[in-house]
Amino acid sequence: MRLTRYFLPVLKETPAEAQIVSHRLMLRAGMIKQSSAGIYSWLPLGYKVLKNIETIVHEEQQRAGHIPLLMPTLQSADLWRESGRYDDYGEEMLRIQDRHGRDMLYGPTNEELVTDIFRSHVSSYKDLPLTLYHIQWKFRDERRPRFGVMRGREFYMKDGYNFDLTKEDALHAYNRHLVSYLRTYERMGLQAIPMRADGGPIGGDYTHEFLVLAETGESEVFYDSAVTDLSFGDREIDYDDVAQCQGVLEEFTTKYARTDETHDEALFNEIPEERRRVARGIEVGQIFYFGTKYSDALGATVQGPDGKPVSVHMGSHGIGVSRLLGAIIEASHDENGIIWPEGVTPFHAGIVNLKQGDAEADAACEDLYAKMSAMGLEPLYDDRNERAGGKFATMDLIGLPWRITVGPRGLKNGVVELTSRKTGESEELAPDAALNKIAAIYGKQ
RNA sequence: CGGGGCGUGGCGCAGUCUGGUAGCGCACCUGUUUUGGGUACAGGGGGUCGUAGGUUCGAAUCCUGCCGCCCCGACCA
């Protein structure tokens, strides 16, 4: 993309309403525009990152054998009356009426809808196990939306639901989700620690929240520092292997890691003192096993081998896709702007032309741009007639991991400059060598 | 929902106390200049002062209602 043809409304000054760094940077980098309290338009750059994150979530869900579908945002109140949650959910649920006066609602979650789909079409134990998920906009009418996309009223979320014949099968689904979530967050350059959590209104004995450590996190967390040494890495996983999934769960959840909801001071104090950590975290996902709560309420049963109806065991699992943008920025930025992890960056690299209009510099940039595109990489070429300082400031703000700086001075010696956004380190390389290095980083060679 | 604060060109703000018909910086447009980390100068366009009502010869400014937004707390992906 050429910057002169793009829409990137960056701001030099920070809008007054933004208090935390991710919100400020998202506004300054032209990623979002607030529409009303807790509701945002996603401008091109923000939309691009949102879609990148969504893609990773889709890929990892499907790798784990989960099946995508799409349910509506607007739901009939009838199903919610049937489950008993129409009255229970309270003020956070946005209730509306259609022209016929029928009660509708903007879905805050989808247990009712997905269970309805299930009971309409699944009637035999042979159809199990089944895990359905979707990524869809949700609305929860927060009393006090804040922190930009981290606590919006409208938010984009992956929610999935597993249906199993037995508790054992459902617990394997639980483990499978925990494993797939570890992979998902790592691909985004995040360390998200599974922590024992509280069931809340969804209920359930088994539940973990995934937290990204950040000073601005809303939850207080207590953990053994050994958990931050754990990394999923690129190990092979067979998601059908019950023992392997169970093993990963044990590896990642045995050490003490809890939020303030479930914190146990006595257990915490058993950790060697030098490994005790009290910090803050951003919740970016949660998994539940809740048994037959919804299947009982909504009559989701299958016929077992003996011909008798059995309520299915269910769990639900969520990843806050829109919230993740804020969480990633909270975890990865500096005083000059965002530092995107390579897994989610909106463009693979920036090309800065230090002297727009100089025939040699223009030609070198065009050549880099064409070659990079041919390699399947997406560069952002700053071809504005701006001064170097302005171009560098923009690149730093929007946080592309790599920048190629092209100017007449370097070209005289046959080199361009390749700079890492994260370390700030630069090296001078022949243009093709710089390209090869970027291609290798993104596995395009 | 309790407490606090703020609404003035796209953004950041001054002006409000003490009423006299709107200003600064950034951004934008034109020209000159400059060009390896946000050049300098000159000219220019753009504002129902959140909104409705009231007081007054006269309201951004004083009074009242309403709306919107932000922060702290309690609650939540």
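Lettering follows sequence order; numbering is per chain, from 1. Because only heavy atoms are used, hydrogens play no part in the values below, and waters and symmetry mates are left out as well, while side chains stay in.
A 3.5 Å limit on both hydrogen-bonding distances identifies B:G12 as the Watson-Crick or G-U partner of B:C24. Across all strands shown, B:A40 forms a Watson-Crick or G-U wobble pair with B:U32, both key distances being under 3.5 Å. Pairing of B:U61, defined by two Watson-Crick or G-U wobble distances under 3.5 Å, is not identified with any nucleotide. Remark: B:G68 base-pairs with B:C6; criterion is Watson-Crick or G-U wobble with both hydrogen-bond distances under 3.5 Å. Shown here, B:C17 forms no base pair; nothing in the strands shown gives a Watson-Crick or G-U wobble contact with both key distances under 3.5 Å.
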- Message: Let's go through A:Leu105 and A:Leu94 carefully: what are the C-alpha distance in whole Å and the side-chain angles of both, what is the deciding distance for side-chain contact (heavy atoms from CB on, under 4.5 Å) to 0.1 Å, and is it a yes or a no?
- Response: CA-CA 6 Å; A:Leu105 56 98; A:Leu94 181 66; over 6 Å; no
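Contact annotation: the side chain of A:Glu209 never approaches that of A:Arg258 to less than 4.5 Å [non-hydrogen atoms, C-beta and beyond]. Considering only heavy atoms from C-beta on, A:Ile404 comes within 4.5 Å of A:Leu368 through its side chain.
Nucleic acid contact for A:Pro108: none, since no nucleic acid atom lies under 4.0 Å from a heavy atom of the residue. Among the heavy atoms of the strands lying under 4.0 Å from A:Arg403 is at least one base atom, whether or not backbone atoms are also near.
Here side chain to side chain donor-acceptor pair (under 3.5 Å) pairs that include residues 68-77 of chain A, with residues two or more places apart or in two chains, are A:Gln75-A:Trp80. Each ring pair (Phe, Tyr, Trp, His ring centres under 6.0 Å) pair with one or both residues in residues 319-349 of chain A, not counting sequence neighbours, appears once here: A:Tyr6-A:Phe347, A:His348-A:Tyr442.
In A:Gln97, the CD atom is crowded: over 12 heavy atoms of neighbouring residues, nucleotides or ligands sit closer than 6.0 Å.
When the C1' atom is used for both B:C75 and B:C67, the distance is 25 Å, rounded to whole Å.
The side chain of A:Arg387 places an N or O atom within less than 4.0 Å of a non-bridging phosphate oxygen (OP1 or OP2) of B:U39.
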Distances under 3.5 Å between protein N/O atoms and the N/O atoms of nucleotides 6-13 of chain B, please, pair by pair.
| unit_1 | atom_1 | unit_2 | atom_2 | d |
| --- | --- | --- | --- | --- |
| B:C11 | O2 | A:Glu13 | OE1 | 3.3 |
| B:G12 | OP1 | A:Ala16 | N | 2.7 |

